[in-house]
Amino acid sequence: MTIAENFKSLDLEITEIARNNGRNPEDVNLIAVSKRQTQDKLRAALDYGHRIFGENRVQEAQEHWAELKADYPDLELHLIGPLQTNKIKDAIALFDVIHTIDREKLARKLGEELKIQNKSMPCLIQVNTGEEPQKAGIPPKDLPDFLHFCRVECLLDIRGLMCIPPIDDPAAVHFAFLKKLASEHDLAQLSMGMSSDYPKAIALGATYIRIGTALFGERDI
Ligand SMILES: *Cc1c(COP(=O)(O)O)cnc(C)c1O
């Protein structure tokens, strides 16, 4: 199948799954994850008409998108990977949404830089739902304090939560848990679901699904 066909069939599938679960398909936003894909494939997605893309590294995202951004003013870029504090300025310049607020130092420095630039940036907090030591994200029990810190001390515009479930666990358990946490804190956005598990994520309330290989094929590197 071509990239355009992949997009078309996924768009149809998202609509169907959303409807079957009593959800409005327009509330499920497809983030096409373009990390480690070729420029030709990104062009094909743009030609199809897709405009929302996700990247997990700031520098690679610049290589992929800095020039294209000028040609496509309606492009929407999401940072879905870890953000180092020395890349905050670059991230603010390039991205429209950051999904990976995961520690106090990052929240504080991002808040400071946004204030200096007089800008605002919709953000999500990454939650380590599986409490895996090697994985980014705040422990679930810290969410109330961290959310308060981000909003009150750092003046960040926190819209929702993001998670990456442990590989060995049923993803649905983590999606349901993230949904519960978001509801408790009145957060509207839920970033969850990748190529292997997006149907469950949509059924359980995802507002952003992050799909790479199911759209673009295997990554290059
Ligand atoms: C790479 C990546 C994805 C996309 O993964 P696929 O399995 O290719 O769909 C989604 N979310 C994050 C955080 C990623 O790093």
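Both ligands and their constituent atoms are indexed starting at 1 by order of listing. Values in this document were obtained by computation on a predicted structure and should not be read as measured data.
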What atoms of ligand 1 come within less than 4.0 Å of a heavy atom belonging to [X]?
X	value
I80	11 (N), 12 (C), 13 (C), 14 (C)
I164	13 (C)
I211	9 (O)
T213	6 (P), 7 (O), 8 (O), 9 (O)
R210	4 (C), 9 (O), 10 (C), 11 (N), 12 (C), 13 (C)
G212	4 (C), 6 (P), 8 (O), 9 (O)

Does a salt bridge link E113 with K109, judged by any charged N lying under 4.0 Å from a carboxylate O?
-> no

Considering only the protein, which heavy-atom contact is closest to [atom], and what is its distance?
atom	value
atom 15 (O) of ligand 1	K35 NZ, 2.7 Å
atom 6 (P) of ligand 1	S195 OG, 3.4 Å
atom 5 (O) of ligand 1	M194 CE, 3.6 Å

Which residues share a ring pair (Phe, Tyr, Trp, His ring centres under 6.0 Å) with F177, sequence neighbours left out | none

Minimum heavy-atom distance [X]-[Y], with the two atoms named:
X	Y	value
R23	V28	NH1-CG2, 3.7 Å
A107	C150	CB-SG, 3.9 Å
M162	L178	C-CD2, 3.8 Å
I52	H50	O-NE2, 2.7 Å

Mind checking whether H99 has a heavy atom under 4.0 Å from ligand 1?
->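 False for this residue.
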
Scan for ring pair (Phe, Tyr, Trp, His ring centres under 6.0 Å) pairs involving residues 66-89, sequence neighbours excluded, and state none if there are none.
->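 For residues 66-89, and leaving out neighbouring residues, the ring pair (Phe, Tyr, Trp, His ring centres under 6.0 Å) pairs sorted by first residue read H78-H99, H78-Y208.
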
Side-chain H-bond candidate by donor/acceptor type, T207 with Q189, under 3.5 Å | yes

R219 N/O to ligand 1 N/O under 3.5 Å | yes

